[in-house]
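Have a look at the structure below before the remarks.
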Amino acid sequence: MEKTFDPKSIEARWCEAWEAGGYYTPETVAELSGTNRATMPAYSIMIPPPNVTGTLHMGHAFQHSVMDALTRYHRMRGYDTLWLPGTDHAGIATQMVVERQLAAQGIKRTDLGREKFLERVWEWKEYSGGTITNQIRRMGNSVDWTRERFTMDAQCNAAVTEEFVRLHEDGLIYRGKRLVNWDPVLLTAISDLEVESKEEAGKLWHFRYPLVGATLADGTGHLTVATTRPETMLGDTAVAVHPEDDRYRHLIGKTVRLPLCDREIPVIADDYVDREFGTGVVKITPAHDFNDYAMGQRHQLPVINIFTPNAQINDEAPAPYRGLDRYDARKRIVEDLESLGLVDKIVDHKLMVPRGDRTGVVVEPFLTDQWFVDMKGLAERALKAVKDGQMRFVPANWVNTYDQWLENIQDWCISRNLWWGHRIPAWYDAEGKHYVGRSEPEVRARHKLSDAVALTQDEDSFDTWFSSALWPFSTLGWPQQTGDLQRWYPTSVLVTGFDIIFFWVARMAMMGLHFLNDVPFREVYITGLVRDGEGNKMSKSKGNVLDPLDLVDGISLEDLVKKRTSGLMQPQMAAKIEAATRRQFPEGIEAVGVDALRFTFMALASTGRDIRFDASRAAGYRNFCNKIWNATRFVLMNVEGKDCGQDESLPFTLSTADRWIVSRLQKVEAEAAEHFANYRFDLLAQSLYQFIWNEYCDWYLELSKPALQTDDEAAQRGSRRTLVRVLETSLRLLHPLMPFLTEEVWQQIAPLAAKSGPSIMLQPYPQAQADRIDDPAEADIEWLKGLILGVRQIRGEMDISPGKVLPLLVQGASASDRVRIEQLLPSIQFLARVEPPHLLEAEAVAPESATARLGGMTLLVPMAGLIDKDAELARLARQVAKLESDLGKTQTRVNNPNFGKAPEAVQQQARAMLEKQQQDLSALQAQQERIRAL
RNA sequence: AGGCGCUUAGCUCAGCUGGUUAGAGCACCACCUUGACAUGGUGGGGGUCGGAGGUUCGAGUCCUCUAGCGCCUACCA
């Protein structure tokens, strides 16, 4: 084996071997293990399908690490495990990408026509989709590629058609002219969720609308309205005041003359109006504002649409404004009103501006014909499923978010005026009457329409989420009752981010319950967002994104700068991004390999918190990989060519250390099971790291060194056996988190531990065995560690060279101390680098020494010629100070008159501690006296 | 406006149903090329847990108030 672990040299090899072996495919796994799948419990995860034209970012890598750990864990536990991969067609996003590419060649989508355009999108999908699947493969994710799906493949398309037709049959789909959020650039409706409202600086314009039948001269001849969108006044059909507003009450029922339009509109009363805001008079534009629309409905107001789909003024408006862009019209209208003397004032005003989440363009409420899903009933079932415990959120507080949205749900506009997506299976006849069905022939048959009736299919497509909502079962073959569907629905867990609880989680829950009568997943594990080291959200425009593969492979500073500053939407940011990058990664990024990156994600995955990605942490875990690698080298070196109890035929005995590490291992195994069950991957990672590094490597390997040198062949064999078997088990424990390293090493270690098989992936996950827990051995080794630490501390603080073998005196040793000294003598000598301890009677006069306390006894390292008095005094003073402070606290506790209320056990413990502290203190003080007297 | 979350060593974070002297990694200081590993070893320094009050024999851990930060929802023209 090489001296250092080199991830590059093994990763590609194992990726290929695992996939080629079929180890990701449930059927093959069952076959190789000789198990009948029907007898295995089922476990399944559907990958949240990434956008097919994107690339995977840190958030994906993080979530995939979690999903793969769960998948490998359950596979090893003997579950019939499926992790199903796939990608999403991402209607709007993908269409925009391709349109942008075409635009670069000066081509418009409409120039090509629907057919040709879609061909181009499919081409791009084929090209780009490979990037994602390669990334997934490289990270070692054990997804079943034989079941890969795409949200727009034939199977998923059939499911979407079925969904729409059945919902329609169930009376949950309707088509209607409604006010929707309209993106004037994309020329499509979008759902509420696709609108991002942010506070922006704007103005509040105050306009005077003259009252009919009054003169302006008396100062009461007009009503002043306040608006943030002056251009909408062209579509005003009323002016509203609060019914109890004394300023205006007498005007209710009168009419005002709408300036510029020469229309008379009524003054109405509605308690929606806020008297405090603006002038207390609101202009009402039912066609271009959601509230106004609702008010228009309440008061039967006419609805005048004044915009074209791309937000220019249409022919409903007076001639001078027609054809103007909305913002040009705004300017013009304000000017014209000003010249008429109808502008009362203009004040600065902060307002929430709604923008399309894809285009960033201000969205207009716009009246169009669209398809909607009636959500009320669906939402109620989804709420109930969580209340009844059929579906559980981890962490649990995300239920609030889920509930809140479902309780206030609005009908879902599912049609998009886009080409790229599932086309709506609805047909229209010449009169515009619509028919819904799985196909045109079905529609004709069902509605008895002869071929003479011309039918045209709806031009629109579905909201991407309308198909994503089916993902947990469309992937398994629904609406067919496939074996896969029966086997793996409901899925076991959904791993995703909180940002799509509404978009996706809730909608999957609703559709799953509606169509399959069961929740789509038993548990929803919500991960935090991966942020950069400074806590900022990673985004291309900020130039702070990290490509997971750049951490895996490493990247030079120059390449990283180039990558972050090229292809920016705002090139002027380049200099700033470059500076920040050079500051943050002055040396570029060192390669850490897949295992270290995956382990880092797991270690950072604490609950309910975003994670700041810390590259130095990843470097630390790369070191951990190397540590394991070298521990393996040590083990191999020491057992090579020697029997390690593979066939159990030769006698072996286990030392205290052997029994100790095996006992510790059982406890770690139990912890691992618990942490997996609770999704506490941070604690899992910590627990494994701690065991392997701080117990197995730091102590057990060191303890094994003298043991391997004894004359006792059976004891040697026992140590070799333990060395190998604990390592082999640790590898299996760690495998779901570090697949590559553990596989590579396991191949070499397994035969020595009498294990065989093509891959560690197919081995059982270690389970704790209660009968191998050995408390006496643990106590013995704790004692031993205390002794060694005591001597090391003296050595360290006295600056005695590590190699020097010291004499050691022990005073006040109890009977059990004496037994331990005798039994653990070789370990004591080797690890503490001392001569065999010399026992002193309690009353004996000791030579001048540096001392340490261990239980009731005192360790003494004679100082003759070794130690400087001041250093030892300083060391003692520190210890005394600490002890005094601790003792003080204990005394206060015990002396509290009410301490008697505490449980007996707690009281006893406190008194024992008090006694020990007092003893230690007096021993230390006596020692101080002696040293001072020198 | 409503909801959720965060504030613990220089940095990034653990600390479960309240119980011994608050932990880890990284960073820092000193010593060490000891045959698994310098991507290492050994020893060490460093926090009183945002602030105030309360409950309790006992609070980082529960309650109230308060300060700061972040996120999500929401129809104020």
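Hydrogens, waters and symmetry mates play no part in the numbers below; they use all other heavy atoms, side chains included. Values in this document were obtained by computation on a predicted structure and should not be read as measured data. Chain letters run A, B, ... following the sequence lines, proteins first and then strands; every chain starts at 1.
- For residues 589-609 of chain A, every residue pair satisfying the salt bridge (Lys or Arg N to Asp or Glu O under 4.0 Å) rule, not counting sequence neighbours, is listed here: A:Asp68-A:Arg598, A:Glu590-A:Arg622.
- By the ring-ring contact (aromatic ring centres under 6.0 Å, His included) test, A:Tyr679 is found to be paired with A:Tyr525, residues two or more places apart in sequence or in another chain being considered.
- In this view, A:Lys705 and A:Phe634, A:Glu702, A:Phe830 satisfy the side chain to side chain contact (heavy atoms under 4.5 Å, CB included) rule, not counting sequence neighbours.
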Contacts under 3.5 Å, N or O only, protein and nucleotides 9-17 of chain B:
from, atom 1, to, atom 2, distance (Å)
B:rU12, OP1, A:Arg612, NH1, 3.0
B:rA14, OP1, A:Ser606, OG, 2.5
B:rA14, OP1, A:Arg609, NE, 2.9
B:rA14, OP2, A:Arg609, NE, 3.2
B:rA14, OP2, A:Arg609, NH2, 3.1
B:rA14, O3', A:Arg680, NH2, 3.4
B:rG15, OP1, A:Arg680, NH1, 3.0
B:rG15, OP1, A:Arg680, NH2, 3.2

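- Evaluation of the side-chain hydrogen bond (donor to acceptor under 3.5 Å, both in side chains) test over residues 287-296 of chain A, restricted to residues two or more places apart or in two chains, returns A:Tyr272-A:Asn291, A:His288-A:Asn305.
- When base pairs are accepted only as Watson-Crick or G-U wobble with both N-N or N-O distances under 3.5 Å, RNA chain B takes part in stems of 3 or more pairs at B:1-7 with B:67-73, B:10-13 with B:23-26, B:28-32 with B:40-44, B:50-54 with B:62-66.
- Applying the salt bridge (charged side-chain N to carboxylate O under 4.0 Å, His left out) rule to A:Asp270 yields the partners A:Arg298; only residues at least two apart in sequence or on another chain are considered.
- Considering only residues two or more places apart in sequence or on other chains, A:His349 meets the ring-ring contact (aromatic ring centres under 6.0 Å, His included) condition with A:Phe277.
- Taking atom P on both B:rC62 and B:rG25, the two are 26 Å apart, rounded to the nearest angstrom.
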With B for base contact, S for sugar-phosphate-only contact and - for none (protein heavy atoms under 4.0 Å), nucleotides 37-45 of chain B reads BSBSSSSSS

Per-nucleotide protein contact along nucleotides 54-62 of chain B, 5' to 3', at a 4.0 Å heavy-atom cut-off (B base, S sugar-phosphate only, - neither), is ---B-----

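- Shown here are the salt bridge (charged side-chain N to carboxylate O under 4.0 Å, His left out) partners of A:Arg275, two or more places apart in sequence or in another chain: there are none.
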Pairs of donor and acceptor atoms involving the side chains of residues 893-902 of chain A, under 3.5 Å and at least two apart or interchain, shall be tabulated with distances.
from, atom 1, to, atom 2, distance (Å)
A:Asn895, ND2, A:Gln891, O, 3.2
A:Asn896, OD1, A:Asn898, N, 2.8

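- Nucleotides B:rG3 and B:rA77 have their C1' atoms positioned 25 Å apart, rounded to a whole Å.
- Straight-line distance between the C1' atoms of B:rU55 and B:rU61: roughly 14 Å, to the nearest whole Å.
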